[in-house]
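Let me begin by presenting the structure, written as structure tokens, before commenting on it.
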Amino acid sequence: MSYEIVYRTRSGVVEGHRIMDQATTFMGVEKHNVQSAFYQKYGFCLPNCDLHLLYAEIGSSNVYDSDNKRARDWVFLGVGTFDELVRRVGIDWAVDIEGGNIQPRGRYSTAEGWIKKIKSLLRDSDKAPFPPIVSRKENQPASWLDKYHLEKGLSLLAALDIQTSPAKDWYRDRPLLDIECRPKNAFELWLFHAVFNRAFGFKNLQASIIPYLGE
């Protein structure tokens, strides 16, 4: 049976005061009004704390490259607060870790051990830069409700550099929509992730990973 191998992990952090400065500039308001202005427009709160970025080098146990080595790529797992990433990557992955479907360094681990590792990784975050291009694929809207959520998400993010293009899920033979964002800073990256997570559910972003992460 195949399983996913997590070869390496890396995390970065952006200080809360920088996020607030970036959000203030983005919203075009005075700093003391940014929280209320943000909530009024987006309907959820702007985090007034450090944001963490989490990466992992991952590959399937039964997929090999042209050199007959196991294929692997750096994946951007998301941006969020410490607690959010512990929940989404630590706790939410725990069942697959415990069942052996995901194996750190190709070895079995307990759920407790994995959650402890993620917490330690986030506590030791450095100031790694954010990926310059991120994207996520969504199903082409099949109903008026799906179309509404998509159009609402795109309208909320109209100030970001976003492009959409048709794509395809070759495995399931269904049309997809590729939504690509080029964030100028960590706040814009977080905003893109947060808006679409609320519209369509949490999903890892595809990203152009910073080159030195693979060294």
Side-chain angles (χ1 to χ4, degrees), residues 14 16 19-31 33-49 51-56 58 75-93 95-96 130-209:
V14 182
I19 297 297
M20 294 302 293
D21 288 344
Q22 293 166 3
T24 299
T25 301
F26 181 85
M27 297 297 296
V29 298
E30 296 294 329
K31 196 167 187 176
N33 290 327
V34 67
Q35 286 282 10
S36 59
F38 184 89
Y39 185 83
Q40 184 176 7
K41 180 172 184 178
Y42 294 100
F44 57 94
C45 294
L46 174 66
N48 190 16
C49 60
L51 290 181
H52 295 261
L53 297 84
L54 195 56
Y55 304 86
I58 299 176
V75 177
F76 181 57
L77 301 180
V79 55
T81 66
F82 181 94
D83 290 341
E84 285 174 340
L85 291 181
V86 167
R87 183 180 71 252
R88 290 173 177 170
V89 182
I91 296 172
D92 288 355
W93 286 29
V95 172
D96 285 322
F130 60 91
I133 303 174
V134 293
S135 65
R136 59 182 286 160
K137 289 182 172 62
E138 298 296 341
N139 294 328
Q140 288 279 4
S143 67
W144 69 267
L145 185 59
D146 292 339
K147 186 176 181 180
Y148 167 78
H149 285 309
L150 176 63
E151 291 178 348
K152 182 180 180 180
L154 291 175
S155 66
L156 287 174
L157 299 175
L160 300 185
D161 183 358
I162 289 180
Q163 295 182 352
T164 61
S165 59
K168 187 172 183 177
D169 182 343
W170 295 101
Y171 182 74
R172 295 182 176 86
D173 192 27
R174 62 182 179 183
L176 300 175
L177 185 68
D178 185 52
I179 307 168
E180 180 184 278
C181 178
R182 296 174 180 260
K184 298 182 181 68
N185 51 46
F187 165 76
E188 290 192 1
L189 172 63
W190 171 81
L191 181 62
F192 175 74
H193 205 202
V195 167
F196 276 100
N197 283 346
R198 282 163 174 76
F200 298 105
F202 179 79
K203 183 181 292 186
N204 297 334
L205 297 177
Q206 295 174 301
S208 56
I209 301 302

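The analysis underlying the following values was restricted to heavy atoms, covering all of them including side chains, and did not include hydrogens, waters or symmetry mates. None of the values given here were measured: they were computed from a predicted structure.
Side-chain contact between Glu180 and Thr164 is absent, with no heavy atoms from C-beta onward closer than 4.5 Å. For the pair Glu151/Leu154, no side-chain contact is recorded, criterion being any heavy-atom separation below 4.5 Å from C-beta on. A 4.5 Å side-chain heavy-atom check between Leu77 and Tyr55 finds every atom pair outside the cut-off. Side-chain contact between Asn197 and Glu84 is absent, with no heavy atoms from C-beta onward closer than 4.5 Å. In this structure, Asn33 and Phe38 have side chains that are not in contact, with every pair of non-hydrogen atoms separated by 4.5 Å or more. Side-chain contact check for Arg182 versus Leu189: every heavy-atom pair is 4.5 Å or farther apart. Residues Phe192 and Leu157 meet the side-chain proximity criterion, which asks for heavy atoms closer than 4.5 Å.
Counting non-hydrogen atoms of other residues, nucleotides and ligands closer than 6.0 Å to CD of Gln140 gives a total above 12.
Pro141 and Leu150 make their closest contact through CG-CD2, 3.5 Å (heavy atoms, listed as atom of the first residue, atom of the second, distance). Taking each heavy atom of Cys45 and Trp190 in turn, the nearest pair found is O-CH2, 3.9 Å. Shortest non-hydrogen contact noted between Ala186 and Ile19 is CB-CD1, 3.9 Å. Glu138 and Ile179 get closest at one heavy-atom pair: CG-CD1, 4.1 Å. Smallest separation of non-hydrogen atoms from Pro183 and Pro131: CG-O, 3.9 Å.
Cation-pi geometry between Arg198 and Phe44 is met: the NZ or CZ atom falls under 6.0 Å from the ring centre, inside 45° of the normal.
One finds the CZ atom of Phe76 at 11.5 Å from the OG atom of Ser135 (value rounded to the nearest 0.5 Å). In this structure, the separation between SG on Cys181 and CG on Asp161 is 7.0 Å, given to the nearest 0.5 Å. Rounding to the nearest 0.5 angstrom, the gap separating the CG atom in Leu176 from the NZ atom in Lys137 is 7.5 Å. Between the CG atom in Leu177 and the OG atom in Ser165 there is a gap of 7.0 Å [rounded to 0.5 Å]. Taking NE2 of His149 as the start and CG of Asp146 as the end, the distance is 7.0 Å to the nearest 0.5 Å.
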Verdict with reasoning, Phe200 to Arg136, per side-chain contact (heavy atoms from CB on, under 4.5 Å) | CA-CA 11 Å; Phe200 298 105; Arg136 59 182 286 160; 3.8 Å; yes

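With hydrogens and angles disregarded, no donor-acceptor distance shorter than 3.5 Å links the side chain of Tyr42 to the backbone of Val195. A distance-only check finds a donor-acceptor pair linking the side chain of Gln35 to the backbone of Leu46 [under 3.5 Å].
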Could you list the donor-acceptor pairs under 3.5 angstrom formed by side chains in residues 24-31, with sequence neighbours left out?
from  : atom 1 : to    : atom 2 : distance (Å)
Thr24 : OG1    : Met20 : O      : 2.7
Thr25 : OG1    : Asp21 : O      : 3.2
Lys31 : NZ     : Asp21 : OD1    : 2.6

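The aromatic rings of His52 and Phe82 lie perpendicular to each other, with more than 60° between the two planes, well past the 30° mark.
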